[in-house]
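Worksheet: one structure, shown below.
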Amino acid sequence: MSRSEQERIRRDARQSLEEMGVEPYPHKWDVTAHAADILDEFDDERRDPDEGERMNVSIAGRIRSLRVMGGSAFMDVQDESGTVQAYVRKGDLPEGVYDKLVGQHLDIGDLVGVRGHVFRTNMGEVTVRASDTFKLLSKALRPLPTPKEKEGETFNEVTDKELRYRQRYVDLIVNPDVREVFRRRAQLLSEMRDFLNERDFLEVETPALQPVYGGATARPFTTHHNALDMKLYLRIADELYLKRLLVGGLEGVYEIAKDFRNEGLSRFHNPEFTMMELYVAYKDYRWMMELTEKLFARLATKLHGGTTITFDGEDIALAPPFRRLPLFEAIEEHTGRDCYGMNEGELRDVARELNLEIDEAMGKGKLIDEIFSETVEPNLTQPTFITDYPVELSPLAKKHPDKEGLVERFELIVAGNELCNAFSELNDPDDQRARFEEQARLRAEGDGEAAPIDEDYLRALEYGMPPAAGLGIGIDRLAMLMTDQRSIRDVILFPLLRPESDAPE
RNA sequence: AGGCUCGUAGCUCAACUGGUAGAGCAGCGGCCUCUUAAGCCGCGAGUUGAGGGUUCGAGUCCCUCCGGGCCUACCA
């Protein structure tokens, strides 16, 4: 562990302050105003804080820049709402306070409290003058990066992705836009809950630790419970538990929760991610499409003031209705080939002609999925419901009454990215058992993602589950769309990274 | 997992074809009671991600490893 010169100097400064009786980490500070409120109050150029009754405030925040001029100093103080300039004058403070603190041992990055009145400088900037008190609230021992700004241009901006993800606390301090992304993500979740609660859906919580996992095609994380000496899995989906609740008589339930999938990382995948799952009794997937459209339109309107949003430089129109396009029509539209009804060999030939990477282990379902995700998905910029998937890909979905070999299912694709997955839920316990057994067969053949049989879930279905529709929305990907971020790591506060080789301290 | 690419001071970046590691900000000392990328004078700051190799000489070339990014793969 070696400290940089600047760290040693700051530790020395801390010690000097303590020796002079200045507490580097005091216990509290009364905050009466935030930067944005103060600036709002006097945003009118003509309104002068010095006129009439003075506005007295007490603010707290982090020093982002410091300009000391002998007996007085200006600093930019950043709180959660934004940044306001503060002004400290030697003559305003009790004897010695200025010299001990501001003049000598105050650094960029320190947290301070400023109490006094608001005024406008000769240059016109609304400023809090420490006419009453100036106090150190927390001494920073590490130097903060010091990006600067002039006329809208930023200098020395912190751009290192590794630093930004590993030390998100620094990122949040020096890149204020990041706060806006996560505020918007929070607003998205809040609006989604409002939307669902208004419709009388019940928010529930189901186990993240599961003795049998299911509800998706993915490899799970495993863990162990000591007292029960039992192997447990981290959930890969909420689905099977939520549908048990439909059996139990709840007619509309949803859960917003973390799922965990033991898979690779990419711009679109983090091993733990947030999913909203929703199940409604007596509805089918067509009804669910309409609900999904309404939800997306509502979110866009609340977050962006209208149903058209911008993502990666393109306008995305989220006004209902969204285009509905059956999977096989989509493939035909983009490849000129009608794959519906093809057997495995024919599908393999098509995939070869399209120069797709396939292997012998891929069955019908996977081949179709491969063809679709390579040729169609990236080209779907505007929201599109892709409907009616092969039964092989959908072991929990109800068969389509008219289309042989297909199920009533849709995925919503926006900006080339899959955001939603939904279907009419399979509630025939015997059909469900047959689908599980097919999965078990694939498992036996070495498909590590095929689902295990969940006997308790089958037992629940045997008591009778109402016809129902279910929907899953990848919240992180939706947050990407709504905040115009192209990497999932930019909408997850602490994305998974490899451990640092030389961890601090 | 594979390909490409990056890693230099606290931060942002330079350093030709292999020839003494530099700048701005930040920091330290001094001046300065309306500054705002504050200013002026002076100063310090580096195991060039780690290890090995080639060479008279390596930030630069080669190999291995570590970490990041992008792409591919994996991933409904």
Side-chain angles (χ1 to χ4, degrees), chain A residues 2-10 12-13 64-76 83 85-92 98 102-104 107-109 119-125 127 129 140-166 170 174 215-219 236-237 261-271 273 327 357 359 365-366 368-370 372-374 377 386 389-390 392-397 409-411 413 418 420-423 448-449 472 474 486-487 489 497-502:
Chain A
S2 65
R3 294 200 177 105
S4 70
E5 179 191 38
Q6 297 199 36
E7 287 174 290
R8 289 193 297 271
I9 288 165
R10 280 162 179 251
D12 290 347
R64 288 298 311 284
S65 69
L66 183 58
R67 299 174 286 282
V68 181
M69 298 159 301
S72 75
F74 285 94
M75 63 195 75
D76 295 330
T83 300
Q85 181 168 261
Y87 180 50
V88 187
R89 249 174 115 86
K90 187 173 184 173
D92 284 347
Y98 182 93
V102 183
Q104 200 62 33
D107 288 301
I108 289 171
F119 74 109
R120 195 182 290 277
T121 65
N122 293 341
M123 297 303 290
E125 180 157 352
T127 301
R129 177 165 169 176
L141 298 179
R142 288 177 184 264
L144 196 64
T146 51
K148 307 233 171 170
E149 197 178 315
K150 187 184 188 181
E151 290 159 8
E153 198 179 348
T154 303
F155 303 82
N156 300 339
E157 193 174 6
V158 177
T159 54
D160 178 11
K161 286 278 175 74
E162 184 170 6
L163 189 157
R164 295 184 56 197
Y165 296 150
R166 279 195 204 283
V170 173
V174 302
T217 312
R219 289 184 175 83
I236 59 171
R261 298 187 184 176
N262 206 338
E263 290 159 356
L265 296 81
S266 81
R267 199 156 66 86
F268 300 106
H269 300 85
N270 195 62
F273 61 101
L327 176 67
E357 287 188 30
D359 61 67
K366 292 231 169 179
I368 291 164
D369 189 49
E370 177 71 13
F372 171 76
S373 36
E374 288 300 313
E377 201 168 48
I386 298 295
Y389 282 67
E392 294 87 349
L393 283 176
S394 317
L396 300 164
R409 170 177 171 184
F410 72 81
E411 290 190 354
I413 315 291
E418 174 201 333
C420 301
N421 183 24
F423 32 85
E449 288 153 13
R486 284 186 295 284
S487 172
R489 294 190 185 100
L497 299 177
R498 285 191 168 82
E500 287 176 271
S501 48
D502 50 344

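Sequence lines set the chain letters: A, B, ... in the order given, protein chains first and strands last, and positions in each chain run from 1. Excluded from the calculations below are hydrogen atoms, water molecules and symmetry mates; all remaining heavy atoms, backbone and side chain alike, are included.
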I'd like a table of atom pairs between the protein and nucleotides 26-28 of chain B - only N or O on both sides, under 3.5 Å - with the distance next to each one.
residue: B/A26; atom: OP1; partner: A/K148; partner atom: NZ; Å: 3.0
residue: B/A26; atom: O4'; partner: A/T146; partner atom: OG1; Å: 3.4
residue: B/A26; atom: N3; partner: A/Q6; partner atom: NE2; Å: 2.9
residue: B/G27; atom: O4'; partner: A/Q6; partner atom: OE1; Å: 3.4

Enumerate all atom pairs, one protein N or O and one N or O from nucleotides 31-34 of chain B, separated by less than 3.5 Å.
residue: B/C32; atom: N3; partner: A/G70; partner atom: N; Å: 3.2
residue: B/C32; atom: N4; partner: A/G70; partner atom: N; Å: 3.4
residue: B/U33; atom: OP2; partner: A/G71; partner atom: N; Å: 3.2
residue: B/U33; atom: O4'; partner: A/S72; partner atom: N; Å: 3.4
residue: B/U33; atom: O4'; partner: A/S72; partner atom: OG; Å: 3.2
residue: B/U33; atom: O2; partner: A/R89; partner atom: NE; Å: 3.1
residue: B/U33; atom: O2; partner: A/R89; partner atom: NH1; Å: 3.1
residue: B/U33; atom: O2; partner: A/R89; partner atom: NH2; Å: 3.1
residue: B/C34; atom: O2'; partner: A/N122; partner atom: ND2; Å: 3.0
residue: B/C34; atom: O2; partner: A/N122; partner atom: N; Å: 2.6

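Judged by distance alone, the side chain of A/E7 and the main-chain N or O of A/S4 form a donor-acceptor pair under 3.5 Å. Checked by atom type and distance alone, the side chain of A/Y98 pairs as donor or acceptor with a backbone atom of A/S72 at under 3.5 Å. Of the possible donor and acceptor atoms, none in the side chain of A/R67 sits under 3.5 Å from a partner among the backbone N and O of A/A73. A side-chain donor-acceptor contact under 3.5 Å links A/T121 to the backbone of A/E125.
If you take atom C1' in B/C6 and the same atom in B/G49, they sit 11 Å apart, rounded to whole Å. Comparing the C1' positions of B/C34 and B/G30 gives a spacing of 22 Å, expressed to the nearest Å. Taking atom P in both B/G2 and B/C65, one finds a spacing of 9 Å when rounded to whole Å. Spacing between B/A21 and B/A58 at atom P, rounded to whole Å, works out to 10 Å. Nucleotides B/G27 and B/A9 place their C1' atoms 11 Å apart, quoted to the nearest Å. B/G3 and B/A73: their C1' atoms are spaced 11 Å apart (whole Å). Spacing between B/A15 and B/G59 at atom C1', rounded to whole Å, works out to 8 Å. Of the P atoms belonging to B/U48 and B/G10, the separation is 12 Å, rounded to the nearest Å.
Between A/R166 atom CZ and B/G7 atom P the separation is 17 Å, expressed in whole Å. Between the P atom of B/U36 and the CZ atom of A/F155 lies a distance of 14 Å, rounded to the nearest Å. Taking atom CD on A/E125 and atom P on B/U35, their separation rounds to 12 Å, with Å as the unit. Residue A/N156 contributes atom CG, which lies 6 Å from atom C1' of B/C11 at whole-angstrom precision. Put simply, CD on A/E370 is 11 Å from C1' on B/C75, counting in whole angstrom units. Rounded to an integer number of Å, the gap from CZ of A/R64 to P of B/C25 is 17 Å. Rounded to whole angstrom, the span from the NZ atom of A/K161 across to the P atom of B/G7 amounts to 16 Å. The distance between atom CD of A/E7 and atom C1' of B/A9, rounded to the nearest whole Å, is 13 Å.
Heavy-atom minimum distance, A/H269 versus A/S266: ND1-OG, 2.8 Å.
Nucleic acid contact for A/Q85: base, since at least one base atom lies under 4.0 Å from a heavy atom of the residue. Nucleic acid contact class of A/F268 (heavy atoms, under 4.0 Å, all strands): none. Residue contacts shown for A/D160 are limited to sugar-phosphate atoms, with no base heavy atom under 4.0 Å away. Residue A/R67 is classed as a base contact, given a heavy-atom separation below 4.0 Å to a base. No engagement by A/A73 is indicated, since no non-hydrogen atom pair under 4.0 Å with the nucleic acid exists. Among the heavy atoms of the strands lying under 4.0 Å from A/E157 are primed sugar atoms or P, OP1, OP2 only; no base atom is included. Within 4.0 Å of A/L265, counting heavy atoms only, lies at least one base atom of the nucleic acid.
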Inset, instruction - Determine, stepwise, if the pair A/R64 / A/L144 fulfils side-chain contact (heavy atoms from CB on, under 4.5 Å). - result: CA-CA 8 Å; A/R64 288 298 311 284; A/L144 196 64; 4.1 Å; yes

Inset, instruction - With side-chain contact (heavy atoms from CB on, under 4.5 Å) as the test, would you mind laying out the steps for A/R486 and A/R267 before giving the verdict? - result: CA-CA 7 Å; A/R486 284 186 295 284; A/R267 199 156 66 86; 3.7 Å; yes

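If you check B/U48 for Watson-Crick or wobble pairing at under 3.5 angstrom, you find it has no partner at all. B/C4 is paired with B/G69 under the criterion used here, namely a Watson-Crick or G-U wobble arrangement in which both key atom distances are under 3.5 Å. Summarising the base pairing, B/G24 is matched to B/C11 through a Watson-Crick or G-U wobble pair whose two defining distances lie under 3.5 Å. As the counterpart of B/G39, B/C31 is assigned, both hydrogen-bonding distances of the Watson-Crick or G-U wobble pattern falling under 3.5 Å. If you check B/G19 for Watson-Crick or wobble pairing at under 3.5 angstrom, you find it paired to B/C56.
Side-chain proximity of A/R267 to the nucleotides B/G68, B/G10, B/C71 is greatest for B/C71. With B/C13, B/C70, B/U35 as the choices, the nucleotide that has an atom nearest any side-chain atom of A/T159 turns out to be B/C13. Checking B/G68, B/C70, B/U36 against the side-chain heavy atoms of A/S487 singles out B/C70 as nearest.
In this structure, the side chains of A/P143 and A/I108 stay at 4.5 Å or more apart for every pair of heavy atoms. Side-chain contact between A/F268 and A/E418 is absent, with no heavy-atom pair separated by less than 4.5 Å. Taking the side chain as every heavy atom from C-beta outward, A/C420 and A/E411 never approach each other to under 4.5 Å. Here the side chains of A/D92 and A/R129 are in contact, with some heavy-atom distance below 4.5 Å.
RNA chain B is contacted by both A/K150 and A/L393; A/K150 maps to the nucleotide lying nearer its 5′ end (nearest heavy atom per residue). If you find the closest nucleotide of RNA chain B to A/R261 and to A/V158, the one lying nearer the 5' end belongs to A/V158.
For A/Y87 and A/F119, the gap between ring centers is short of 6.0 Å.
A/R498 has no side-chain polar atom (N or O) that falls below the 4.0 Å cut-off from OP1 or OP2 of B/C66. Phosphate proximity of B/C70 to A/R489: present, with a side-chain N or O under 4.0 Å from OP1 or OP2.
With hydrogens and angles left out, the side-chain atoms of A/D76 and A/S65 include a donor and acceptor closer than 3.5 Å.
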